[in-house]
Peer 1: 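Got a structure for you, written out below as structure tokens; questions coming shortly.
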Amino acid sequence: MKKIVCLVASVLFLSGASAFAQGEMDAYKYSLGDLNGTARYLGMGGAFGALGGDASAMSSNPAGLGIYRSSEVVGTLSLSSIDTKSNWNGNVSKDDKSKLSFDNFSYVGYFPTANESGIMSWNIGLSYNRLKNFNRNYRLSGSQAYSLADYAADISYGIPENDLIYVKDSYDPYNNPNNPWMSVLGYEGGYFGSFPTDRSNYHSGFGTSDATGTIWYADSPQNTTLNVSEKGAVDQYNFAFATNISNSVFLGATLAVTDINYSISSIYDERFEGGDYLYLDNGLTTEGTGYSFNLGAIVRPVDFLRMGVAYNSPTWYKMTDYFHAEAGTDIAQYNPSKMDASTPDKVYADYKLRTPDKWIFSAAAVIGQYGLLSVDYELTNFKGMRLKDVNDREMDANNFIKEDFGTSGLLKVGGEFKVTPQFAVRAGAGWQSSPVKTDLKNRDVEVVTAGTLPHYTVDKGSDYITVGLGYRFTPNFYADLACVYKTYKEDAFTFSRTFLDNGDIMVDSDAISLKTNTTRVALTLGYKF
């Protein structure tokens with residue numbers, strides 16, 4: 001069972017600080033990839049590990065560049081429609097978001113050696129590839145037994161009340177490394193107060209006490225709403241090379257530079273009987289740059305069969321968070337009834353993230369001049385995620401990552417059939433399992449979140465289906481079109497469960513079903529020379 005004291009590891013400091021500011025769920029969010037690449041790659045479900053001959057291979061199995069017999073330039077434009085639905089107490093909320101983006105641009109250079117065996121060519125590749133879009137909006141609305149005020153009070157247990165009180169020109173509680181920011185912001189915003197007999201034991205600000213003041217009867221919110229807007233993307237720049245050995249063995253390597261740009265804005269409200277209310281507004285922007293490498297091989301033992309294996313290293317990121325939050329309450333029984341607070345301005349935190357590594361095993365069958373079938377299996381070790389401060393010191397969240405995450409498998413299948421030598425139809429599918437372990441899925445552990453962002457989601461797996469078309473206008477110029485329909489399932493929580501030392505639940509929040517359906521249409525234009 002996780003102890004709340006570990007939330008101290010998520011404290012943010014004033015500008016110039018290098019404190020860690022993320023939790024295990026944030027590390028997972030930045031580590032989880034998506035299906036992206038050229039329209040041909042998408043149309044076949046991304047099952048290209050043993051096929052090659054497509055610029056998207058640089059981001060997975062770079063040995064696929066060795067299949068090329070000519071140079072090529074390609075570009076991909078896509079239009080995505082994102083539909084997120086939630087269901088809470090029978091209330092169904094839905095938000096739509098559409099976005100046009102330029103997802104891929106690649107150059108592949110083919111340099112034959114004129115050898116009839118041995119090393120027959122050297123190929124190089126340069127590409128820009130959008131690995132993931134974060135864009136989506138969702139809304140949660142319903143009633144729950146516990147308030148965010150109960151949660152803030154519980155995680156603050158053991159902190160002396162004087163440590164939460166701002167004293168002008170002498171003490172700022174946000175600068176105390178023992179104070180979770182949710183505790184400071186909640187106290188200043190009127191979320192909770194202390195018991196008169198124990199100034200380090202707290203209760204919700206919503207409710208009534210007994211005659212002695214030692215027992216508190218907390219109120220439940222009648223209505224709770226959470227509105228979340230996420231934006232951003234993960235962009236990768238690849239520098240790859242590959243070689244063809246006797247048309248039987250193909251080897252490749254990629255050096256990649258990856259940029260993350262992510263922002264989240266959330267508005268949380270609770271309404272109580274009698275008109276009392278609580279609010280929490282959060283804004284977080286994350287920027288990061290990292291590097292990684294991919295190694296791969298493809299073997300063709302006979303003309304119709306290809307087998308591939310690739311290793312994708314972790315991405316080592318340097319990250320920066322910019323953070324601000326506001327909180328407040330209106331409780332009629334107090335004077336003053338309204339209390340408002342905000343975190344300090346110009347706050348940022350620097351840290352490091354290592355994403356998991358991945359193995360890709362693949363096989364493909366080439367059916368003469370008529371088409372092909374391909375299958376990939378990706379095994380990603382999410383247990384290997386790591387968070388460190390700028391001085392390379394391990395964060396407490398890494399212990400939780402080891403406890404709560406395992407490996408994830410992604411099975412991809414795809415096929416192509418040539419109706420004519422110029423015209424091809426394609427289809428594919430993929431199924432990805434969640435790496436989240438049972439204790440986290442069942443909420444048997446507390447979840448450490450970033451700063452004053454108490455809400456989080458838990459992955460329940462995803463799947464997609466794809467279709468595509470390809471047409472070669474001339475021996476040199478071609479166009480590909482693909483459509484991808486993906487379903488991603490999660491459970492959303494407004495805040496984490498907390499537990500007593502004996503394992504009993506102290507504070508709880510509902511599991512809210514969240515489903516994001518993404519429909520993407522991609523167009524790729526290519527020129528071979």
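The shown structure was predicted, so the numbers you read here are calculated from the model rather than taken from an experiment.
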Peer 1: Which side-chain N or O atoms in residues 478-486 pair as donor and acceptor under 3.5 Å with protein atoms at least two apart or in another chain?
Peer 2:
{"from": "Y478", "atom 1": "OH", "to": "E72", "atom 2": "OE2", "distance (Å)": "2.7"}
{"from": "D480", "atom 1": "OD1", "to": "R426", "atom 2": "NH1", "distance (Å)": "3.0"}
{"from": "D480", "atom 1": "OD1", "to": "R426", "atom 2": "NH2", "distance (Å)": "3.3"}
{"from": "K486", "atom 1": "NZ", "to": "D34", "atom 2": "OD1", "distance (Å)": "2.9"}

Peer 1: Taking S56 for the side chain and T38 for the main chain, is one N or O donor matched with an acceptor at less than 3.5 Å?
Peer 2: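 Such a contact is found between S56 side chain and T38 backbone.
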Peer 1: Of all residues at least two apart in sequence or in a different chain, which pass the ring pair (Phe, Tyr, Trp, His ring centres under 6.0 Å) check with Y291?
Peer 2: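 For Y291 the ring pair (Phe, Tyr, Trp, His ring centres under 6.0 Å) partners, ignoring immediate neighbours, are W316.
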Peer 1: Is E490 paired with R136 through a side-chain N to carboxylate O contact shorter than 4.0 Å?
Peer 2: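 A salt bridge links R136 with E490.
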Peer 1: May I ask you to check whether S59 and Q236 show a side-chain donor-acceptor distance below 3.5 Å?
Peer 2: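 Short answer, yes.
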Peer 1: Atom CG in L226, atom OH in Y268: separation rounded to 0.5 Å?
Peer 2: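 Taking CG in L226 and OH in Y268, the distance rounds to 7.5 Å.
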Peer 1: For residues 405-450, which residue pairs qualify under ring pair (Phe, Tyr, Trp, His ring centres under 6.0 Å), counting only residues two or more places apart or in two chains?
Peer 2: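 Qualifying pairs, neighbours excluded: Y28-F405.
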Peer 1: Which residue pairs pass the salt bridge (Lys or Arg N to Asp or Glu O under 4.0 Å) test with at least one member in residues 358-377, sequence neighbours excluded?
Peer 2: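 Of all non-adjacent pairs touching residues 358-377, those that pass salt bridge (Lys or Arg N to Asp or Glu O under 4.0 Å) are K358-E378.
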Peer 1: Applying salt bridge (Lys or Arg N to Asp or Glu O under 4.0 Å), name anything that partners K383, two or more places apart in sequence or on another chain.
Peer 2: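 If we apply the salt bridge (Lys or Arg N to Asp or Glu O under 4.0 Å) test to K383, skipping adjacent residues, there are no hits.
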Peer 1: With a 3.5 Å distance limit and no angle check, can you tell me whether T254 reaches the backbone of A256 through a side-chain donor-acceptor pair?
Peer 2: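 No; judged by distance alone, with no hydrogens or angles, the pair does not exist.
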Peer 1: Under 3.5 Å, side chain of T286 to main-chain N/O of D321, donor-acceptor pair present?
Peer 2: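 No; judged by distance alone, with no hydrogens or angles, the pair does not exist.
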Peer 1: Quick one: salt bridge (Lys or Arg N to Asp or Glu O under 4.0 Å) partners of R472, sequence neighbours excluded?
Peer 2: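 R472 satisfies salt bridge (Lys or Arg N to Asp or Glu O under 4.0 Å) with no residue once adjacent residues are dropped.
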Peer 1: Are a donor atom and an acceptor atom from the side chains of N381 and T407 found within less than 3.5 Å of each other?
Peer 2: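 No donor-acceptor contact under 3.5 Å links the two side chains.
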Peer 1: According to the ring pair (Phe, Tyr, Trp, His ring centres under 6.0 Å) rule, which pairs have a member within residues 73-101, sequence neighbours left out?
Peer 2: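 Listed by first then second residue: nothing to list.
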Peer 1: Quick check, are the ring centers of Y41 and F48 under 6.0 angstrom apart?
Peer 2: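 Aromatic pair counts; centres sit under 6.0 Å.
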Peer 1: Give a yes or no answer on whether the side chain of T380 reaches the backbone of F382 with a donor-acceptor pair at less than 3.5 Å.
Peer 2: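 Not at all, since once roles are kept as given, no pair shorter than 3.5 Å links the two residues.
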Peer 1: With no hydrogens and no angle check, do the side chains of T76 and T524 hold a donor and an acceptor under 3.5 Å apart?
Peer 2: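 Note: T76 and T524 side chains meet the donor-acceptor criterion.
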Peer 1: Is the backbone of G46 close enough, under 3.5 Å, to the side chain of K412 for a donor and an acceptor to pair up by distance?
Peer 2: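 Between the backbone of G46 and the side chain of K412 there is a qualifying donor-acceptor contact (under 3.5 Å).
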Peer 1: Are the side chain of S70 and the backbone of K528 linked by a donor-acceptor contact shorter than 3.5 Å?
Peer 2: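 Absent.
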Peer 1: Sorted by first residue and then second, give each side-chain hydrogen bond (donor to acceptor under 3.5 Å, both in side chains) pair with at least one member in residues 299-311; sequence neighbours left out.
Peer 2: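 Matches after skipping sequence neighbours: Y311-D357.
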Peer 1: Going by side chain to side chain contact (heavy atoms under 4.5 Å, CB included), name the residues that satisfy it together with S101, two or more places apart in sequence or in a different chain.
Peer 2: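 S78, D103, R130, N133.
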Peer 1: Compute whether any side-chain donor of one residue and acceptor of the other, for H455 and T449, lie under 3.5 angstrom apart.
Peer 2: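 The answer is no; no qualifying pair exists.
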Peer 1: Any pair with a residue in residues 232-267 that passes ring pair (Phe, Tyr, Trp, His ring centres under 6.0 Å), sequence neighbours left out, goes on the list, sorted by first then second residue, please.
Peer 2: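 Counting only pairs at least two positions apart or across chains, the ring pair (Phe, Tyr, Trp, His ring centres under 6.0 Å) contacts touching residues 232-267 are Y30-Y262, Y128-Y237, F134-Y262.
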Peer 1: Verify the distance criterion only: is there a donor paired with an acceptor across the side chains of N517 and D83 at less than 3.5 Å?
Peer 2: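 No pair is found: no donor N or O on one side chain lies under 3.5 Å from an acceptor on the other.
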Peer 1: Verify salt bridge (charged side-chain N to carboxylate O under 4.0 Å, His left out) between K318 and D350, making sure each step is shown before the conclusion.
Peer 2: CA-CA 7 Å; K318 289 185 177 180; D350 297 322; over 6 Å; no
Peer 1: Quick one: does T355's side chain have a donor or acceptor within less than 3.5 Å of a partner on S31's backbone?
Peer 2: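 Checked: no pair found.
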Peer 1: Looking at OH of Y146 and CZ of R497, how far apart are the two atoms once the value is rounded to the nearest 0.5 Å?
Peer 2: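 Result: 10.0 Å between the selected atoms.
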Peer 1: Taking side chain to side chain donor-acceptor pair (under 3.5 Å) as the definition, give me every residue that meets it alongside N247, ordered by chain and number, with sequence neighbours left out.
Peer 2: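 Partners of N247 by the side chain to side chain donor-acceptor pair (under 3.5 Å) criterion, ordered by chain and then number, come out as R69, N244.
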Peer 1: Relative to each other, are the rings of F473 and Y471 parallel, tilted or perpendicular (30° and 60° limits)?
Peer 2: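 Rings of F473 and Y471: perpendicular, as their planes differ by over 60°.
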Peer 1: What heavy-atom pair brings L140 and S86 nearest, and what distance separates the two atoms?
Peer 2: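 Taking L140 first and S86 second, the nearest heavy atoms are CD2-CB, 3.4 Å.
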Peer 1: Is N282 reaching over with its side chain to a backbone N or O of S265, donor-acceptor style, under 3.5 angstrom?
Peer 2: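 Flag not set: sc N282 to bb S265 has no pair under 3.5 Å.
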Peer 1: For a side-chain hydrogen bond (donor to acceptor under 3.5 Å, both in side chains) with Q144, tell me which candidate from D508, D510, T494, N223 qualifies.
Peer 2: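 That would be T494; it is the only one of D508, D510, T494, N223 passing the side-chain hydrogen bond (donor to acceptor under 3.5 Å, both in side chains) with Q144.
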Peer 1: Return the minimal non-hydrogen interatomic distance between N129 and N36, and the atom names on each side.
Peer 2: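 The answer is ND2-O, 4.0 Å.
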Peer 1: Between N87 and S513, do the side chains contain a donor N or O and an acceptor N or O under 3.5 Å apart?
Peer 2: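 N87 and S513 do not have a side-chain donor-acceptor pair below 3.5 Å.
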Peer 1: Ignoring hydrogens and geometry, is there a side-chain-to-backbone donor-acceptor pair from N135 to G232 under 3.5 Å?
Peer 2: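 Yes: the side chain of N135 pairs with the backbone of G232.
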Peer 1: Which distance, rounded to the nearest 0.5 Å, do you find between the CD of E446 and the CD1 of I505?
Peer 2: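 E446 atom CD to I505 atom CD1 measures 10.5 Å (nearest 0.5 Å).
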Peer 1: Kindly say whether S246 contributes a backbone atom to a donor-acceptor pair with the side chain of S248 at under 3.5 angstrom?
Peer 2: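 Side chain of S248 to backbone of S246: a pair is present.
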Peer 1: Who are the ring pair (Phe, Tyr, Trp, His ring centres under 6.0 Å) partners of F529, not counting sequence neighbours?
Peer 2: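 Not a single residue meets the ring pair (Phe, Tyr, Trp, His ring centres under 6.0 Å) criterion with F529.
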Peer 1: Please report the closest heavy-atom contact between S229 and N137, naming both atoms and the distance.
Peer 2: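 Smallest interatomic distance, heavy atoms only, reads OG-OD1, 2.9 Å.
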